[in-house]
Amino acid sequence: MDSVTLTDNRNGKQYTFGILHPTMGQDVIDIRPLFKQTGMFTYDPGFTSTASCSSEITYIDGGKGELRYRGYAIEDLAQNKSYLEVCYLLLNGELPTKDELIAYDMELRKRSFVHEGLKNLFYAFPDKAHPMAMMSSAVSALSAFYSEHIKMQSEEDLQVMRRRLLAKVPTLAAFAYRRSLGIPFIYPDLKRSFTENFLYMMHAYPGQDLKIPEVQVRALDTIFTLHADHEQNASTTTVRAVASTGAHPYAAISAGIDALWGRAHGGANESVIAQLEYIGSVGRVDEFIARTKDPDDEFRLMGFGHRVYKNFDPRAKILKKLLDELKDELGIDNELLEIAEKIEAVALSDDYFISRKLYPNIDFYSGLILTALKIPKEMFTIIFVIGRTVGWLAQWIEFNADPEKKIARPRQRYIGPEPREL
Ligand code: CMC
């Protein structure tokens with residue numbers, strides 16, 4: 001077995017640790033025996049050098065700007081497969097056959113209705129409540145309505161839970177939006193596909209047979225696919241940490257939604273548009289680039305940089321291409337697009353960004369497309385939630401099936417006062 005040896009230069013003692021090999025990507029040092037052997041912990045704030053699990057779901061090569069779900073390149077999936085096919089792939093490991101897809105689609109359509117009692121939860125929120133607050137509460141509340149999933153006893157329970165969650169999240173998201181406006185809820189329409197149904201529940205009037213243009217469905221479906229999973233990011237790590245306590249998936253995913261809300265993570269898409277609007281004109285871009293580089297200014301360019309990608313985020317490339325292809329059909333806000341393109345051009349030729357390997361990430365362009373779909377910016381992170389729910393589910397399931405699973409319980413380097421007397 002390959003191994004590394006660590007020498008403690010205080011006393012010359014040597015400790016050997018095995019090296020585990022992945023199917024692709026970086027080797028990992030198996031430090032599980034480290035504390036027992038050395039009496040020391042590792043120190044790694046932000047987990048920049050830590051692999052927290054083994055996973056078969058998603059692969060990222062941040063240096064090359066590569067993303068794969070179950071081995072398939074994100075570019076191929078986004079171009080050739082629907083979001084539902086991608087969901088099936090993430091949850092089952094293989095793409096569905098034609099018949100499997102039809103059955104899966106029908107079942108999700110049927111499960112997209114929520115318990116009537118759940119509507120009361122939305123009425124309890126004050127006007128102008130952020131949809132993310134409603135969303136995390138509503139997902140947690142699902143456990144009260146489907147309480148058999150608190151202790152899933154059988155494979156059948158597990159299958160029902162994952163379909164239920166996936167199917168109901170868009171309905172809850174549309175309800176959250178409509179509650180924030182004080183307008184009546186629209187129930188799912190069984191005749192419509194997953195993505196079309198969401199746009200319909202967002203935008204229709206009661207009784208209106210609203211036609212959703214195919215181009216809009218395609219754009220949003222691609223956005224869902226691009227958000228579907230992203231290995232051990234902050235919200236997925238949260239889902240796994242909550243799962244590690246034995247909590248049910250509704251609790252774990254509700255916590256994941258909260259972790260996603262921050263602007264360093266999923267909240268960035270809302271912040272990007274707010275920032276583009278704030279910059280306001282192409283002429284002011286240089287001023288804001290200068291602010292980004294000023295060490296005394298906390299201003300950061302939203303939608304730029306990534307912990308893992310030190311090259312173009314492949315999802316941003318796909319979205320930029322989609323934007324170029326569909327901008328006339330979708331009616332993209334050209335002024336904001338021009339500001340975004342100028343920021344990208346300036347940043348990509350500026351040494352500050354080049355030396356730190358800061359490239360546009362998925363959130364940089366998604367907001368422009370979502371705005372054209374008449375989705376307000378307060379809903380952008382909710383769109384991320386809808387897309388990512390399948391990834392969180394797949395990770396929750398994988399965690400629970402992992403024979404090496406353990407409760408998440410990191411240690412610390414204590415730097416507080418030494419013992420003292422009162
Ligand atoms: N604008 C300006 N400077 C930046 C930016 C940015 N967006 N991002 C990183 N930097 C600088 C940072 O100041 C630091 O510079 P220095 O070395 O001089 O101190 C250097 O780059 C490294 O930054 P970091 O914060 O240590 O990097 P990180 O890997 O811990 O953070 C990040 C990654 C995504 C939190 C960060 O790049 C960021 O805050 N970006 C803006 C928010 C954003 O777009 N988030 C969405 C991420 S993609 C969607 C998702 O998957 O959640």
Side-chain angles (χ1 to χ4, degrees), residues 44-50 57-63 65-67 69 74 132 223-239 256-276 278-279 285-320 340 342-344 346-370 377 380-392 395:
D44 186 20
F47 312 126
T48 54
S49 294
T50 297
I57 303 170
T58 291
Y59 173 75
I60 302 176
D61 183 327
E66 183 181 337
L67 169 62
Y69 297 157
I74 189 67
M132 282 292 281
I223 288 180
F224 286 155
T225 291
L226 299 181
H227 286 93
D229 193 54
H230 214 228
E231 52 121 304
Q232 307 312 316
N233 54 79
S235 56
T236 301
T237 299
T238 303
V239 168
I257 292 172
D258 288 328
L260 188 74
W261 199 349
R263 62 190 219 135
H265 194 9
N269 54 13
E270 184 177 339
S271 304
V272 169
I273 288 290
Q275 197 168 78
L276 292 177
Y278 182 63
I279 295 172
V285 166
D286 289 338
E287 180 195 326
F288 284 92
I289 295 281
R291 282 189 61 185
T292 302
K293 292 160 37 174
D294 179 353
D296 297 325
D297 192 332
E298 288 192 347
F299 182 85
R300 273 194 175 199
L301 268 189
M302 289 293 111
F304 261 80
H306 199 275
R307 169 62 62 77
V308 183
Y309 293 119
K310 300 303 168 197
N311 200 324
F312 247 96
D313 177 341
R315 304 167 301 172
K317 267 195 198 164
I318 296 168
L319 282 183
K320 178 69 174 66
K342 172 82 193 256
I343 291 174
E344 181 181 327
V346 174
L348 292 183
S349 58
D350 188 299
D351 190 55
Y352 176 92
F353 291 86
I354 295 169
S355 62
R356 288 169 181 76
K357 298 191 164 65
L358 299 172
Y359 292 86
N361 59 50
I362 187 169
D363 295 319
F364 193 62
Y365 285 113
S366 62
L368 287 165
I369 300 178
L370 295 176
K377 57 179 179 296
F380 288 2
T381 314
I382 296 274
I383 299 295
F384 200 149
V385 168
I386 299 175
R388 183 56 56 85
T389 296
V390 68
W392 289 328
Q395 302 271 352

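All ligand and atom numbering here is 1-based and tracks the order in the structure.
- For the pair Thr292 and ligand 1, the shortest N or O to N or O distance does not fall below 3.5 Å.
- Proximity of Val308 to His230: side-chain heavy atoms (C-beta onward) are nowhere separated by under 4.5 Å.
- Leu368 and Ala340 get closest at one heavy-atom pair: CD1-CB, 4.1 Å.
- Distance CG/Asn269 to CZ/Phe384: 7.0 Å, rounded to 0.5 Å.
- Using a 4.5 Å heavy-atom cutoff, the side chains of Thr292 and Phe353 are in contact.
- If you look at Phe364 next to ligand 1, there are no close heavy atoms at all, none under 4.0 Å.
- For atom 20 (C) of ligand 1, a protein non-hydrogen atom is found at a distance below 4.0 Å.
- Ile223 CD1 to Ile383 CD1: the interatomic distance, rounded to the nearest 0.5 Å, is 7.5 Å.
- In terms of N/O distances under 3.5 Å, ligand 1 is not approached by Leu358.
- Near Ala268, with a cut-off below 4.0 Å to any heavy atom, the atoms of ligand 1 are 43 (C), 44 (O), 45 (N), 46 (C).
- Looking at His230 next to ligand 1, no N or O pair under 3.5 Å apart turns up.
- Of all heavy-atom pairs spanning Gly46 and Arg307, the tightest one is O-NH1, 2.9 Å.
- More than 12 non-hydrogen atoms from other residues, nucleotides or ligands lie less than 6.0 angstrom from CD of Glu287.
- Taking a 6.0 Å sphere around CZ of Phe299, one finds it holds more than 12 heavy atoms contributed by other residues, nucleotides or ligands.
- Assignment of Arg263 to the shell around ligand 1 is supported, since a heavy atom sits closer than 4.0 Å.
- The protein does not reach atom 26 (O) of ligand 1 closely, with no heavy atom under 4.0 angstrom from it.
- The proximity of Arg356 to ligand 1, defined as any non-hydrogen pair under 4.0 Å, is limited to the side chain.
- Protein heavy atom in closest approach to atom 50 (C) of ligand 1: His265 ND1, 3.6 Å.
- In this structure, atom 7 (N) of ligand 1 lies nearest to the protein heavy atom Leu301 O, 2.6 Å.
- If you look at Thr48 next to ligand 1, there are no close heavy atoms at all, none under 4.0 Å.
- The option from Ser271, Ala347, Gly305 that lies nearest to atom 37 (O) of ligand 1, judged by heavy atoms, is Gly305.
- For ligand 1, the polar-atom distance check finds an N/O of Gly303 within less than 3.5 Å of one of the ligand's N/O atoms.
- Relative orientation of the Tyr359 and Phe312 rings is tilted, given thresholds of 30° and 60° on the angle between their planes.
- Within 6.0 Å of the NZ atom in Lys357, the count of heavy atoms belonging to other residues, nucleotides or ligands does not exceed 12.
- Below 3.5 Å of separation, one finds an N or O of Phe304 facing an N or O of ligand 1.
- Regarding atom 29 (O) of ligand 1, its nearest protein heavy-atom neighbour is Arg307 NE, 3.0 Å.
- Considering backbone and side-chain N/O of Phe384, none are found under 3.5 Å from N/O of ligand 1.
- Protein heavy atoms come within 4.0 Å of atom 44 (O) of ligand 1.
- Distance alone, capped at 3.5 Å, places no donor-acceptor pair between the Ser235 side chain and the Ile257 backbone.
- Between Arg300 and ligand 1, a contact under 3.5 Å exists for at least one N or O pair.
- The proximity of His306 to ligand 1, defined as any non-hydrogen pair under 4.0 Å, involves the side chain as well as the backbone.
- Within a 6.0 Å sphere centred on OH of Tyr352, other residues, nucleotides and ligands contribute more than 12 heavy atoms.
- Taking a distance limit of 4.0 Å, we find that atom 32 (C) of ligand 1 is approached by no protein heavy atom.
- Asn361 is not listed as a side-chain neighbour of Tyr309, based on a closest heavy-atom distance of 4.5 Å or more.
- For atom 3 (N) of ligand 1, the nearest protein heavy atom (residue, atom name, distance) is Tyr352 OH, 3.0 Å.
- The shortest N or O to N or O distance between Asp363 and ligand 1 is not below 3.5 Å.
- In this structure the side chain of Trp392 reaches within 4.5 angstrom of the side chain of Val385, judged on heavy atoms.
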